[in-house]
Amino acid sequence: MRNPVSMPRDHPQSAARPLAGAGAPGRRADAAAPAPGSAETPFLELLARGASADAYEQPVLLARAEGLPAERIAALQQAKALALRVRAELEGRRRREAELSALFETAHDLAGLRDLDAVLQAIVQRARSLLGTDVAYLSLNDPARGDTYMRVTEGSVAARFQQLRLGMGEGLGGLVAQTARPYVTDDYFRDDRFRHTRSIDTGVQDEGLVAIVGVPLMLGHHVIGVLFAADRRARVFEREQIALLGSFAALAAAAIDTANLLAETRSALAGLERANEIIRDRSAVIERASDVHDRLAELVLRGGGTHDVAAAVSEVLDGTVEFTEAAAAPAGALESSRAEGHAVRHRDDWIAAVTAGGELLGALVLRGHPGLDPVDQRTLERAAMVTSLLLLARRSAAEAEHRVRGELLDDLLDARDPRLLRDRAARLRADLDATHAVLAARLEGGADDADQEADARRRLWAAASHLAATRQGLAAARDGGAVLLLPLAPGDTATELARRTARDLGTAVHEPVTVGASAPVGHLTAHSDTVASAYAEARRCLEALRLLGRPGDGSAAEDFGFLGLLLAGERDIEGFVDRTIGQVVAYDERRGTELLRTLDAYFACGMSPARTKDELHVHVNTVAQRLERVGRLLGEDWQSPARALEIQLALRLHRLSAVTARPARH
């Protein structure tokens, strides 16, 4: 018994279709014979022409046929792999742009709705085109008969299929309509989750359908129909395709609701025409509804924000309308509005829940209107629906930008050619020449199951992406946590940045987040492995924090004393010596004293002043005075076991570095 829409999270992307204008596979014109000394040239020409994927094999085949050297063929193979990755990336982006364009075009049709059938037909056509299916269709529920019937089909050839009626719970569509959940099957007739009936199976068999996916059309919590996409062959529908079909279903439901509202308005106008007195009383209300309809349509088209919607509705309803987060709205009234799909009264206010796909995004609150006309109430509800569309569009845009930033950081970590990354970084306002720190972040809260753990990781990645975007940095998900590339402000240290980041991410996800930071790095594209090496150092610091029992903290290698030498990727010996005894070295150089020599002898003599004075051939008071000066330079705790160990290590490293730097004698 298969679960509905049960797919792995790492389900592979569907194969990209060839670009428009691509040449036929196997044609010599697409092969583009390789130019001497340039393995990329033929593939760049193929990318520029939008050639088919098969054409990318031709330069390698021609090179082998011409007997070119093995290294030349290997270079062509590598260039071909890179070109195919670029082509796949371009195809994916074009596909995402086409999906967003189709959604906005459909929203535009909804804003200027005149013919419900035309809008529903456009939705079905676009769903079929973008999912690449043989057939797409839409059914609506019939409350009077207690079943669901075909309303719009695209690609259907069987008359019996186009006239099907499905009882609640019968077939895949009936099950979707009954349970309000999407269902998908890769082989309908072998799927025993659905109640098969002779009429439905005959219609599906006449149409030749095999793989079917159906998503519910929802108004509030009520199912009003089902949107389907189907193929005449076995096929696995991806989660992204199901989500896209769900977006079209939301627009279809909105179109139906809009048509119903227009029908109600026309009915009201017909009644008003029969009674002049009612017309005079109600004309202002109808005018306001028309005004808000136009204003909200304009806001959708120009991509306005929630405050723009609230301002427009405030003016039309002659009151104060505010958008609030779900946590700030009255819980009982908000839940009632969400369940009923209508605005509800709360004392002297009206609350309209802003929802999308069952997710509660916030609420529109009309202040100080205890009595609200039904048309004005519907206006507030329409504004809440438009607000949800705008919030979803803004979220999609933000997620797209975060995904692009993550891809750039992934390429930096994977040591891709840095020259190809500078332009991408500039478009994202990321300065790769500035000084940065690479930070590795990981959640410390334990999850009860795999789904909760995956959800926690997604929340961490979302918080890291938002933090990086606000600081002109980059973020990506990696190794079960998140990696951030953040610029260092003047006077800031890697340690301060790590602790601040741990605090900010922990606050955002409501769980402890441990953060390890690399030493500051500049000119990130100078070497291909710069970012990868810094990330490895940040991960070592992260693991050190966890081993030391400091979850939820942030730190860099410089915080671990001589252990930092083991954690740092560059083994910064000079920096460690300078941090530990640098003030003593500088004092000796400025004044010609022998504090460093005295300190070395003091430790060599077991920290005994009497034995030290014999070693140096000076008076014991001289030793005491020098050690007192050392204490003022290094701090009162310089003889504590931990500090003494670091100082002795620094003295030895300084002595070894001096010997190494001394010129050899001939």
Task: Criterion side-chain contact (heavy atoms from CB on, under 4.5 Å) against L334, the qualifying member of V354, T324, I351, V344 - done: I351

TODO: Using modelled atom types only, decide if a donor and an acceptor are shared between the side chain of T179 and the backbone of L175 within a distance under 3.5 Å.
DONE: yes

Open item on the list: Looking at E207 and R160, is any side-chain nitrogen of the basic one under 4.0 Å from a carboxylate oxygen of the acidic one?
Closed with: no

Task: Distance-minimising heavy-atom pair for S139 and F228 - done: OG-CE1, 3.5 Å

Task: Exam field: side chain D142 to backbone Y149, donor-acceptor pair closer than 3.5 Å - done: no

Task: Heavy-atom side-chain contact between D206 and T202 under 4.5 Å - done: yes

Task: CG on D231 to CG on L209, rounded to 0.5 Å - done: 8.5 Å

Task: Side-chain donor/acceptor of D134 to backbone N/O of R232, under 3.5 Å - done: yes

Task: OG1-CG distance between T148 and L164, expressed to the nearest 0.5 angstrom - done: 10.5 Å

Open item on the list: Using side-chain heavy atoms (C-beta onward) and a distance below 4.5 Å, is M168 in contact with D147?
Closed with: no

- [ ] Might you point out which heavy atoms bring A253 and L219 nearest each other, and give the distance in Å?
- [x] O-CD2, 3.6 Å

Task: From CD (Q163) to OG1 (T153), nearest 0.5 Å - done: 10.5 Å

TODO: Can you see which heavy atom on F161 is nearest to which on S156, and at what distance?
DONE: CD2-OG, 3.6 Å

Task: Distance, nearest 0.5 Å, that separates CG of L251 from CD1 of I256 - done: 11.0 Å

TODO: Take L138 and L217 through the test side chain to side chain contact (heavy atoms under 4.5 Å, CB included) and record every step on the way to the result.
DONE: CA-CA 9 Å; L138 183 149; L217 277 66; 3.9 Å; yes

- [ ] Please answer whether the main-chain N or O of R128 pairs with a side-chain N or O of R126 as donor and acceptor at a distance below 3.5 Å.
- [x] no

Task: Interatomic spacing from CG in L366 to CD in E322 - rounded to 0.5 Å - done: 10.0 Å

TODO: Output all residues satisfying ring-ring contact (aromatic ring centres under 6.0 Å, His included) with Y188, sequence neighbours left out; order by chain, then residue number.
DONE: F194, H196

Open item on the list: Donor-acceptor pair, distance only, cut-off 3.5 Å: does the side chain of S337 make one with the backbone of A333?
Closed with: no

Open item on the list: Minimum heavy-atom separation for P216 and P182, please, with both atom names.
Closed with: CD-N, 3.8 Å

TODO: Report yes or no: does E381 contribute a side-chain atom to a donor-acceptor pair with the main-chain N or O of H342 at less than 3.5 Å?
DONE: no

- [ ] Take E170 and Q178 through the test side chain to side chain contact (heavy atoms under 4.5 Å, CB included) and record every step on the way to the result.
- [x] CA-CA 9 Å; E170 295 179 355; Q178 183 181 55; over 6 Å; no

- [ ] Over all heavy atoms of both residues, which pair between I212 and L172 is shortest? Give the atoms and the distance, please.
- [x] O-CD1, 3.9 Å

Open item on the list: Does any part of the side chain of R235, heavy atoms only, come nearer than 4.5 Å to the side chain of T133, both counted from C-beta?
Closed with: yes

TODO: Compare every heavy atom of I200 with every heavy atom of G171, then report the nearest pair and how far apart it is.
DONE: N-CD1, 4.0 Å

Open item on the list: Could you go through R382 and T258, starting from their C-alpha distance and side-chain angles, then the distance that decides it, and tell me whether this counts as side chain to side chain contact (heavy atoms under 4.5 Å, CB included)?
Closed with: CA-CA 9 Å; R382 174 66 56 78; T258 301; 4.1 Å; yes

Open item on the list: Can you confirm whether R378 sits close enough to D257 that some side-chain heavy atom of one is under 4.5 Å from a side-chain heavy atom of the other?
Closed with: yes

Task: Reported CD-to-NE2 distance for the pair E340 and H222, which is rounded to 0.5 angstrom - done: 8.0 Å

Open item on the list: For a side chain to side chain contact (heavy atoms under 4.5 Å, CB included) check, start with the C-alpha distance between D349 and R367, then their side-chain angles and the critical distance, and finish with the verdict.
Closed with: CA-CA 5 Å; D349 301 335; R367 306 287 186 188; 3.4 Å; yes

Open item on the list: Quick check on side-chain contact (heavy atoms from CB on, under 4.5 Å): which of L227, L244, V184 does V215 satisfy it with?
Closed with: L227

Task: E264 CD: over 12 foreign heavy atoms closer than 6.0 Å - done: yes

- [ ] Look at the side chain of R459 and the backbone N and O of V509, then say whether any donor-acceptor pair between them is shorter than 3.5 Å.
- [x] yes

